[in-house]
Amino acid sequence: KAGRYRASIVRDDEQAAGRIFVRFEDKIQSRPVLPGGDSATFNLPAGTGSLEIWFQEDRKKRTHVTNNGIVGNVVLTRLD
């Protein structure tokens, strides 16, 4: 369903500033996250397809979580 969604990401103890990215239907959106923050709000279209969400610290390259812990897990909540 199209609408506003909150993406909340489990982060590690460092809690640096950065951006949350959402890729859906080959379109990428991003929103800033302040130090200590863990979520951002996105307007997503209706449709089916691959959804990818990640956090990237400011001035750093994207890293992929390589262990089976909870850091990097995402909860996507519909707001409307």
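- Taking the salt bridge (charged side-chain N to carboxylate O under 4.0 Å, His left out) definition, one finds that Arg23 meets it with Glu52, sequence neighbours left out.
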Determine all donor-acceptor pairs shorter than 3.5 Å in which one atom belongs to a side chain in residues 37-48; sequence neighbours excluded.
none

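- Summarising the geometry, atom CG belonging to Leu34 is positioned 11.5 Å from atom CD belonging to Gln15; distances are rounded to the nearest 0.5 Å.
- Annotation: the span from Ile20 atom CD1 to Ser8 atom OG amounts to 7.0 Å, rounded to 0.5 Å.
- Considering only heavy atoms from C-beta on, Tyr5 stays 4.5 Å or farther from Leu79 through its side chain.
- The other residues sharing a hydrophobic cluster with Val10 are Ile70, where clustering joins ILVMFWY side chains under 4.5 Å apart.
- At distances below 3.5 Å, at least one donor-acceptor pair connects side-chain atoms of Arg11 with backbone N or O atoms of Ala16.
- One distance of note links CZ of Arg4 with OG1 of Thr77; it measures 11.5 Å at 0.5 Å rounding.
- Hydrophobic side-chain contacts under 4.5 Å tie Trp54 into a cluster, directly or through other members, with Phe21, Ile28.
- Taken together through direct or relayed side-chain contacts under 4.5 Å among Ile, Leu, Val, Met, Phe, Trp and Tyr, Leu76 and Val22 form part of one hydrophobic cluster.
- Listed by chain and residue number, Glu57 satisfy the salt bridge (charged side-chain N to carboxylate O under 4.0 Å, His left out) test with Lys60 (two or more places apart in sequence, or in another chain).
- Distance check: Arg78 CZ to Arg6 CZ gives 13.5 Å after rounding to the nearest 0.5 Å.
- Rounded to the nearest 0.5 angstrom, Asp58 CG and Arg19 CZ are separated by 8.0 Å.
- Under the salt bridge (charged side-chain N to carboxylate O under 4.0 Å, His left out) criterion, Asp26 pairs with no residue, sequence neighbours left out.
- With a 6.0 Å radius and a threshold of 12 heavy atoms from other residues, nucleotides or ligands, Arg59 has its CZ atom at or below the threshold.
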